[in-house]
2 protein chains.
Amino acid sequence: MNTLRIRLVPPPHNPAACDACAVRPASICAVLEDEGLERLAAVSVLVPEGHEFITESEPAEAFFVITSGTAKLFKMLADGRRQITGFAQAGGFVGLAVQETYGFSAEAVEETYLCRVSRGRLRRLVNTFPAVKQYLLQQAASELVAAQEQMLLLGRKTAHERLASFLLALAGRGRLHEPPPAGTEVRLAMARDDVADYLGLTVETVSRTLKSLRLAGYVTMPLPSLIVLVDPGALRRLAAGQG
Amino acid sequence: MNTLRIRLVPPPHNPAACDACAVRPASICAVLEDEGLERLAAVSVLVPEGHEFITESEPAEAFFVITSGTAKLFKMLADGRRQITGFAQAGGFVGLAVQETYGFSAEAVEETYLCRVSRGRLRRLVNTFPAVKQYLLQQAASELVAAQEQMLLLGRKTAHERLASFLLALAGRGRLHEPPPAGTEVRLAMARDDVADYLGLTVETVSRTLKSLRLAGYVTMPLPSLIVLVDPGALRRLAAGQG
DNA sequence: CGTGAACTTGACTAAGTTCAATAGAAGTGG
DNA sequence: CCACTTCTATTGAACTTAGTCAAGTTCACG
């Protein structure tokens, strides 16, 4: 099975190449390498921090590839309780919908560049290049794996285990891999309340649990948004429920 | 976009038509309608209640379509804590994997017939019939929607809200639809501990919460495994966090 | 019937939430 | 550069929901 790779071209770039532009001078934001550098016809969009670019239950008119920055996807209950279902970073995509409306909202956690592809255009693209469909299927399948892992976390792990899992995931190593090297730095692009809403906890519990991990000697925190993994092996054991 | 529909033929059926058989006389278990009734070359398998047919981290050698019965998909932690990530029923599929190994285990909740498609065969099928790829993508996307809904449940809903959501989901109406008619009966194919592990609770809490819903007049339970939705509107409000 | 498994109930415990106050960091304007 | 505001993060104490442990019931099946 040949694999489609999407190459990200950092914006702003090639201002004249895109066929439309919503917010910023357009750029080619992705290239379908296996199809002879065909342009992924799309619009480059700058989303400022805190700005919502997808709203749950609105018509699903477009599909986005993240070029740079970080976005959070979330769902809310009537009384304001929120669950963040995932964070998407450069290369990630957001908004693949079979249904007519979005099933979640999405908001930029920091300044974020997106590559916007309209629904109709995605459909045409998919029909023209079978590899795109393959790529989307692979992405969806791997998101599904991540979602199942997160259900295990939300349904069955303790606060300590959740934080340990989260830090390791940010460090780029899943549960199947060996832990990252000691001293690995993890930058938290998101605020405490986002971490809390992602892990199904409160800000206070996140704060207290991080303190406890610090006291245990597993991490240090030079800044509230920078965490150094001092003992990744211990974190790994914690995350797996062997702590 | 033309849609692929998979028609399920109840087993045992057409004993000579399949090209291999693992457990029971083979049957054609699904037909690709849009491709002129081409046979989905596959093996029909009977899985007895409680039997595990997919094991996490084993090589992902096959893909299954459920013909009849119910299966549970789950992940476990080292100390035995378990999270059921979903139940699959007739028409559902299990085991779509991009990775080389399964990311979860699967077990029959009741006697279940499966349609087993080997990985290589699925790949060939997908290449021959583009509609199959489309179908898989759609299925994966809708599973992703369900997974996000479940993350909201596990991360942010109370025990009462979880049970209400669960009952409505079993009754076949998601959160976007109007509630099912009063008097709708929901059969629980799975035991209490499965419900608990699916909702991120304990058996005791499931039991107590069902009692509380009974006392509130929202449901009745002629049998432990049969729940009548007396006030679906109230359940709907509870499930949405407006209870 | 009798035995075992599934389910329910009760009393107690604990993990995490809530509410409230404090501390720290980051900007803003004089 | 420093006072002042504001936002974010942390800490503390009381509380609550759901979990734990230990009996009971009920029901299906031999």
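To find a chain, count down the sequence lines: A is the first, B the second, and so on, and within it residues start at 1. The analysis underlying the following values was restricted to heavy atoms, covering all of them including side chains, and did not include hydrogens, waters or symmetry mates.
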Checklist entry - How does protein reach along nucleotides 6-23 of chain C, written 5' to 3' as B (base within reach of a heavy atom under 4.0 Å), S (only sugar-phosphate), or - (no contact)? => result -SBBBB----SBBB----
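With hydrogens and angles disregarded, no donor-acceptor distance shorter than 3.5 Å links the side chain of B:Glu58 to the backbone of B:Thr55.
With a 4.5 Å cut-off on side-chain heavy atoms, A:Thr184 and A:Val228 do not count as touching.
Salt bridge annotation for B:Glu110-B:Arg187: present, with a cationic side-chain nitrogen under 4.0 angstrom from a carboxylate oxygen. With salt bridges taken as basic N to acidic carboxylate O contacts below 4.0 Å, one links B:Arg81 and A:Glu161.
Each of A:Val186, A:Leu170, A:Leu213 was compared with A:Leu229 under the side chain to side chain contact (heavy atoms under 4.5 Å, CB included) criterion, and only A:Val186 meets it.
Look at CG on B:Leu199: it is 12 Å from P on D:dA18, rounded to the nearest Å. Rounding to whole angstrom units, CG of residue A:Asp194 and C1' of D:dC7 are separated by 14 Å. Distance, A:Ile227 CD1 to D:dA9 P: 11 Å, rounded to whole Å. In this structure, the CG atom of A:Leu226 is 14 Å from the P atom of D:dA9, given to the nearest Å. In this structure, CG of A:Leu188 is placed 15 Å from C1' of D:dT10, rounded to the nearest angstrom.
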Next on the checklist: Quick one, B:Asp197 with A:Arg156, criterion salt bridge (Lys or Arg N to Asp or Glu O under 4.0 Å). Give me CA distance, side-chain angles, the key distance, then yes/no.
Outcome noted: CA-CA 8 Å; B:Asp197 283 348; A:Arg156 290 296 179 220; 2.8 Å; yes
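In this structure, the ring of B:Phe93 has its center less than 6.0 angstrom from the ring center of B:Phe63. Here the two rings, on A:Tyr198 and A:Phe166, have centers that are under 6.0 Å apart.
Axis deviation across the helix from C:dC1-D:dG30 to C:dG30-D:dC1 amounts to 40°, comparing end segments of five pairs, rounded to 10 degrees.
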